[in-house]
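Just so it is clear: chains get the letters A, B, ... in the order the sequence lines come, proteins before strands, and each one is counted from 1. The structure displayed is predicted, hence computed values, not measured ones.
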Protein chains: 2
Amino acid sequence: MKKSEINSTEIARLAGVSRSTVSRVINNYSNVPAETRDKVLKVIQQYNYFPNVSAQVLAGKRARTIGLFLINQGSVSGDILTNMLIVSVIEHASAHGYYVLTHIIRNAKDTEVIQNVREIFFQRRIDGGIFIGASNREPFIEELVEEGFVIGIVDQELSDHPEPNRIVSKFNNDSGMKQAVAYLAGLGHSQIGVINGDMNRLSGMTKYEGFTTAMGMCGLQVNPDWVLDGDFNETSGYQAIQTLMQKGVALPSAIIAANDSVAFGAIRGLKEHGLRVPDDISVIGFDDHAMSAKHHPALTTIRVDFGDMLKRMTSYLITKIEQNTPDIKEITIDCSLVVRDSCRRI
Amino acid sequence: MKKSEINSTEIARLAGVSRSTVSRVINNYSNVPAETRDKVLKVIQQYNYFPNVSAQVLAGKRARTIGLFLINQGSVSGDILTNMLIVSVIEHASAHGYYVLTHIIRNAKDTEVIQNVREIFFQRRIDGGIFIGASNREPFIEELVEEGFVIGIVDQELSDHPEPNRIVSKFNNDSGMKQAVAYLAGLGHSQIGVINGDMNRLSGMTKYEGFTTAMGMCGLQVNPDWVLDGDFNETSGYQAIQTLMQKGVALPSAIIAANDSVAFGAIRGLKEHGLRVPDDISVIGFDDHAMSAKHHPALTTIRVDFGDMLKRMTSYLITKIEQNTPDIKEITIDCSLVVRDSCRRI
DNA sequence: CTGAAAGCGCTTACAG
DNA sequence: CTGAAAGCGCTTACAG
């Protein structure tokens, strides 16, 4: 048995009906009598026939494929979180009968790379796409939205004039930062530093803003010496500590990192300088990365449910593709403190 | 500017040529004068035109998409290795101008799941597919090979009668096990146990066979009490230790685990029983998982280059798709010992 | 060098 | 309830 080249004409002939009827059976038209349907179905199964998807799409059906675009400058392959995101989208799309074309964008500024992404949409390979890791209001994504494609963007918020083909999701970083600061304040910390994420991304900005707001609400001063740059990667946490040490200033008693990877890097840096966590300095992360519980010390962090976010994002995207509803979709997910061993009372 | 509905007829009209010529330009036919080409290209760019991929495929072009099928009973989302595999395939496919449709198979025995996989091929969504994690000679994959689809299978070997549309890859587990046993023997171990992987998979079988062979070559006895069942997952390593302890027999001085996840589980189990690694018992893994260097103790293991394997698999697959060469492709990759801290001299 | 035309395998008004 | 026919947007022999 070789690659079956069977098509609807053949099925029609074998079942003694017209191609129209075969198509009606495949597409579950109601006006096909059970008897005819069964007859056709039997032939379809017997000959292992599946309609050619290109022909279906060309004739007006959907591709039933969504694009998943991961934007990341280098850490894509090493991150367990990335894997969770991919798997989450694939499995939820699959549950809706959709397939996922995953694409990795190493450099969102490279015009060739951008052109390639646009091609995927314009070629009609996909019915819509989800972007993860993009800078806030990334221009090429904005263009795709303007073109009318159905686009889901993680870590983004709606503008004043939201388009119905844009779906957006974010975490309540404000709430997360408030919890982190409140917890540290409760432990007696007043000298709290922060290692920021990528400030071009919404979560980078909102986490920092949340931090300053929360500090204010707890009546604490933000010491500029303790506000350190970072980019959400482990290395940047390590670097931030190097920078802090080189300043030769007094150290904070606690540090909040923009995410757990940054926290890992920071702890590594602190250890190298002979500082113990949490004995000498407390560290709190953000995300509750899969590694955080296994880390030494186990990392206190703000848990965030990426799986749930992507699940909802995927569902909304597919609903939007299929029904093209005019309603505006914005997903906001709360986050919550997980206390482990990386902070101490002073 | 809304979703551009421009097509080749429109481009032809705007450029003052026929659709044939537009198509020739797009497909780089040599018989188009530079002047005509430039004229057409200009219009194409100006109007942001990309040919509809469904129409192209229907007219005989390739979909330029490969399927990536991950078979796994539960550990897909939690494994950093899985992510590396996915990313490796995507990036190498991308380098060849191909896209990747990733699909997760939780249960390879579920007929509905299998039907869904077959559909992906028969619908002509993909030009070929790569399977990772399949049982040896998984029937539904064998069928797809018989149907003539271009299929790459990881952790599999060629049969006596190899089909030209089958590409197969494996690690030299024999060599790996020899290195592991030789290293332990060199440290003075003679009482060596093993925790097996999934014996339905080729690597499960060959690792165990390699172990017994290597033991024989070092003049060591395989003690059946120390041959433990596992399935490549962390939990199975933990369980194996429970089982071993319940036997109430003498313990081996060293254990070789079918992979690093199993080793992690085993070490966790040993710790719970108050045994220290490597002080009380040595453990050696297989794979050099991304976590192994960071583990406590840092895991001595057999390194295996999955990235290289998938890169080559992806390249071969695409070459095979494009040229349909009759040559047989089998990839075998060697592996090598990485000494860290989980084994001690006795 | 280039255009007209057939054909890829479907779906879906249209007509009966 | 069902078939004949048009049409989706391309590619590619074919003819000139």
Mind checking if Asn7(B) touches a base, just sugar-phosphate, or nothing, with heavy atoms under 4.0 Å? sugar-phosphate
Asn52(B) near the nucleic acid: base, sugar-phosphate alone, or nothing, with a heavy-atom cut-off under 4.0 Å? sugar-phosphate
Name all residues meeting the salt bridge (charged side-chain N to carboxylate O under 4.0 Å, His left out) criterion together with Arg166(B); count only those two or more places apart in sequence or in a different chain, and write none if there are none. Glu142(B), Glu163(B)
Starting from the C-alpha separation in whole Å, work towards a yes-or-no answer on side chain to side chain contact (heavy atoms under 4.5 Å, CB included) for Ile333(B) and Arg312(B). CA-CA 10 Å; Ile333(B) 293 187; Arg312(B) 291 173 58 185; 3.9 Å; yes
Any [X] side-chain nitrogen or oxygen under 4.0 Å from OP1 or OP2 of [N]:
X: Tyr29(B); N: dT11(D); value: no
X: Ser20(A); N: dG3(D); value: no
X: Thr36(A); N: dC1(D); value: no
X: Thr21(A); N: dT2(D); value: no
X: Ser8(A); N: dC10(C); value: yes
X: Asn27(A); N: dT11(C); value: yes

Would you call the rings of His103(A) and Tyr99(B) parallel, tilted or perpendicular, where under 30° means parallel and over 60° means perpendicular? tilted
In terms of relative ring orientation, are Phe131(A) and Phe140(A) parallel, tilted or perpendicular, with 30° and 60° separating the classes? perpendicular
Expected output: side-chain Lys320(A) to main-chain Ile151(A) donor-acceptor under 3.5 Å: no
Ignoring hydrogens and angles, state whether a donor on the side chain of Glu10(B) or Asn7(B) is under 3.5 Å from an acceptor on the partner side chain. no
So does Arg201(B) pair up with Asp155(B), basic N to acidic O under 4.0 Å? yes
Contact residues, residues 53-67 of chain A to DNA chain D [heavy atom, < 4.0 Å]: Leu58(A), Ala59(A)
Quick one: Arg124(A) CZ to dC10(D) P, roughly how many Å, whole number? 11 Å
Could you give the CZ-to-C1' distance, from Arg37(A) to dT2(D), as a whole number of Å? 14 Å
Measure across Ile104(B) and Glu91(A) and return the closest heavy-atom pair with its distance rounded to 0.1 Å. CG2-OE2, 3.5 Å
Has the side chain of Arg24(A) got a donor or acceptor atom sitting under 3.5 Å from an opposite partner on the base of dG3(D)? yes
In whole Å, measure the gap between the P atoms of dC10(C) and dC14(C) for me. 24 Å
Treat a base pair as Watson-Crick or G-U wobble with both distances under 3.5 Å, then lay out DNA chain C in dot-bracket form, 5' to 3', with | for cross-strand pairs. |||.||||||||.|||
From the options dT12(C), dC10(D), dT2(D), select the nucleotide whose nearest atom is closest to the side chain of Asn31(A). dT2(D)
Run Thr65(B) and Arg125(A) through side chain to side chain donor-acceptor pair (under 3.5 Å) and show every step you take. CA-CA 10 Å; Thr65(B) 305; Arg125(A) 277 185 187 274; 3.0 Å; yes
